[in-house]
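Take a look at the structure below.
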Amino acid sequence: MLVLFTNAGGQLQNDNTKFMSEKKYFDPEDLKKFGNITEFQEEMGKKFFDWYGEVFKEGALTKREKALIALAVAHTVQCPYCIDAYSTECLKTGSDEEQMMEAVHVAAAIRSGASLVFGVQMMNHVKKISM
Amino acid sequence: MGVKQNTKSLSVRGGQMADTFYQLKVLTGREMAEAKVTPFAEKLVQQNEFPLKPHSLEVFQLNIGKLCNQTCLHCHVDAGPDKKRENMSRADLETCLRIIKEVPDIKMVDITGGAPEMHPDFRWFVQECRKLGKEVLNRCNLTIIMANEKYRDLPEFFRDNQVHLVSSLPFYSKKRTDKQRGDGVFDDSIAALKLLNEVGYGQEGSGLVLDLVYNPVGAFLPAGQEVLEPQFKSQLKRKYDIVFNNLFAITNLPINRFLEYLIESDNYKDYMETLLEAYNPSTVTGIMCRSMISVSWDGYMYDCDFNQMLELKIDSPGCTHINDFDVDKLLSREIIVNQHCYGCTAGAGSSCGGEVV
Ligand code: SF4
Ligand code: SF4
């Protein structure tokens, strides 16, 4: 398995460090370069950023609510960039630590529930083939 | 009730950060060059606004003393209970009154500190300004009202003198407020807000204005006032039945204790880059230094409160102290800018009255 995280000091957190000594994924500095994705495909990149900007504007949901949803989704997709970005955004838009942690619990609950609910399928199958 | 101090003032603790010259070195130093934070002046050059000039003198701001009942971690004034020496003299207050009287353009007297109410001449000075027909804005930290029995009648005093109040409440929850301002601050602030509401402050139709100031509890910028104000209003109403007029979202500037916090928490470079990224050219027209001067406890004049704290005295030859006040000289001065100014131009801008665009 490849190494996915570096800690704050940039050190790799995995036994595979011997293969990866100098390389690292998810460098926080890379987030600042996100806008550069237009370099390889300008039209689509631009459309994405326009749409993204539109999505996070105040609408039927407030900016604060959208930031909390984004934070929860960021945990579901386990994207370190998004977790950093939306932790800041949640604070900026006026959420506090407790609210943010509750959002993460919501994400985790849906995620684990989604696994657990397949237990019904398992049970169905077990019952079908059992005497 | 009562407030527990989080820290002591930089000047009492001593060390490099107590020296404003050192702070300026940090603001313009190697790390900033490496982070490619463009000199602020260059930004102004790019939009033909350099040198930055004032366009009026509407606000006369006085920092009447650094004595405060709190020692907030982010305080750019470096105020606290240990700052007993810095108090404006009666003679200087009288000079200020004369200036306020003689300059009709001055519409508002903006009193700040420390906790200005702790100054022995505070009430007298407010009353004199009101007699001159000027709007008086007082930056009240709220907890002072609860700090001692002798301050408990401040709400009535403010009401009787129609003082416009601007008060800090960094968040509508205890945990985050106390983290920044000291244990017990939130509870005392709520108690004080209730007293202010009782005498009419923040109530519709009363004409008594109570504005709250939100400033981030950490190394991030505030979202827009339009995002935060409805939340503050609904939360304070729902949880405590408290009302207020406007919420001002203010950016923390990298000066004094906030600069110390940024450095110690390893957020300094990122914070400065964030300020730079958020630079909004359209804020420059309305930044507060273009319509104010700020007077320090010892009578010297500055372009703004922040320049005052960095001891960047006004660039107005022969007119740097209130004793030599000359409105024409002041209006033709060049405003001194430095890297901390990025705090005033980020996003929707920031000033003592909140956003500027
Ligand atoms: S921020 Fe205001 S209340 Fe806090 S220590 Fe400074 S002057 Fe006092
Ligand atoms: S800190 Fe802000 S108000 Fe002060 S001189 Fe700079 S831009 Fe003007």
Side-chain angles (χ1 to χ4, degrees), chain A residues 5-11 24 26-38 49 52-72 74 80-105, chain B residues 34-37 74 169-180 186 212-236 238-239 247-252 265-267 269-278 346-348 350 354-355:
Chain A
F5 293 94
T6 63
N7 66 16
Q11 286 148 354
K24 55 183 179 179
F26 295 119
D27 181 346
E29 290 297 312
D30 280 350
L31 181 56
K32 295 175 191 161
K33 300 178 198 152
F34 190 16
N36 300 351
I37 60 154
T38 48
F49 286 117
Y52 193 96
E54 206 55 41
V55 166
F56 282 95
K57 277 189 186 154
E58 192 97 0
L61 293 174
T62 63
K63 279 187 180 173
R64 177 175 162 276
E65 289 162 344
K66 288 181 181 181
L68 280 169
I69 295 170
L71 182 73
Y81 299 128
C82 302
I83 291 172
D84 278 2
Y86 283 95
S87 298
T88 304
E89 194 59 23
C90 283
L91 289 173
K92 272 177 78 169
T93 50
S95 295
D96 65 13
E97 290 88 337
E98 207 181 338
Q99 293 162 341
M100 288 161 67
M101 190 53 91
E102 284 188 17
V104 173
H105 274 288
Chain B
E34 280 168 7
K36 298 195 179 65
V37 179
H74 72 301
L169 191 72
F171 207 62
Y172 49 76
S173 76
K174 183 176 167 61
K175 198 168 148 197
R176 304 195 61 210
T177 300
D178 287 2
K179 226 183 202 171
Q180 181 186 75
F186 186 75
L212 294 184
V213 171
Y214 162 87
N215 59 296
V217 185
F220 55 94
L221 305 186
Q225 279 167 195
E226 81 289 353
V227 173
L228 295 163
E229 188 181 280
Q231 282 171 61
F232 266 69
K233 285 206 161 155
S234 67
Q235 294 281 352
L236 288 177
R238 188 174 63 81
K239 290 191 193 162
L247 183 80
F248 297 154
I250 292 187
T251 302
N252 289 314
S265 60
D266 195 22
N267 278 307
K269 185 170 156 277
D270 282 347
Y271 191 73
M272 292 306 286
E273 283 174 356
T274 306
L275 288 181
L276 175 69
E277 271 163 37
S350 180
E355 292 176 355

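By convention in this document, chain letters (A, B, ...) are assigned in the order of the sequence lines, proteins followed by strands, and residues within each chain are numbered from 1.
Interatomic distance, B:K175 NZ to A:E97 CD, rounded to the nearest 0.5 Å: 5.0 Å. Once rounded to the nearest 0.5 Å, the distance linking CG of A:D96 with CD of B:Q235 reads 8.5 Å. B:E273 CD to A:K32 NZ: the interatomic distance, rounded to the nearest 0.5 Å, is 4.0 Å. To the nearest 0.5 Å, atom NZ of residue A:K63 and atom CG of residue B:L228 are 10.0 Å apart.
Within the 4.5 angstrom heavy-atom criterion, only backbone atoms of B:P222 (N, CA, C, O) approach chain A. Of the two parts of B:D266, neither the backbone nor the side chain holds a non-hydrogen atom closer than 4.5 Å to a non-hydrogen atom of chain A. The contact between A:S95 and chain B is made entirely by backbone atoms, counting heavy-atom distances below 4.5 Å. Of the atoms belonging to A:T62, not a single heavy atom falls under 4.5 Å from chain B. Using a 4.5 Å cut-off between heavy atoms, A:E65 does not touch chain B at all.
Between the side chain of A:E89 and the backbone N or O of B:A223, no donor-acceptor pair lies under 3.5 Å. For B:Y172 (side chain) and A:G94 (main-chain N/O), a donor-acceptor pair under 3.5 Å exists by modelled atom type.
Between A:L91 and B:R176, some side-chain heavy-atom pair lies under the 4.5 Å cut-off. Residues A:R64 and B:Q231 meet the side-chain proximity criterion, which asks for heavy atoms closer than 4.5 Å.
Environment of CG in A:N36: crowded, with over 12 heavy atoms of neighbouring residues, nucleotides or ligands closer than 6.0 Å. Within 6.0 Å of atom CD in B:E226, more than 12 heavy atoms from other residues, nucleotides or ligands are found, so the atom counts as buried in its surroundings.
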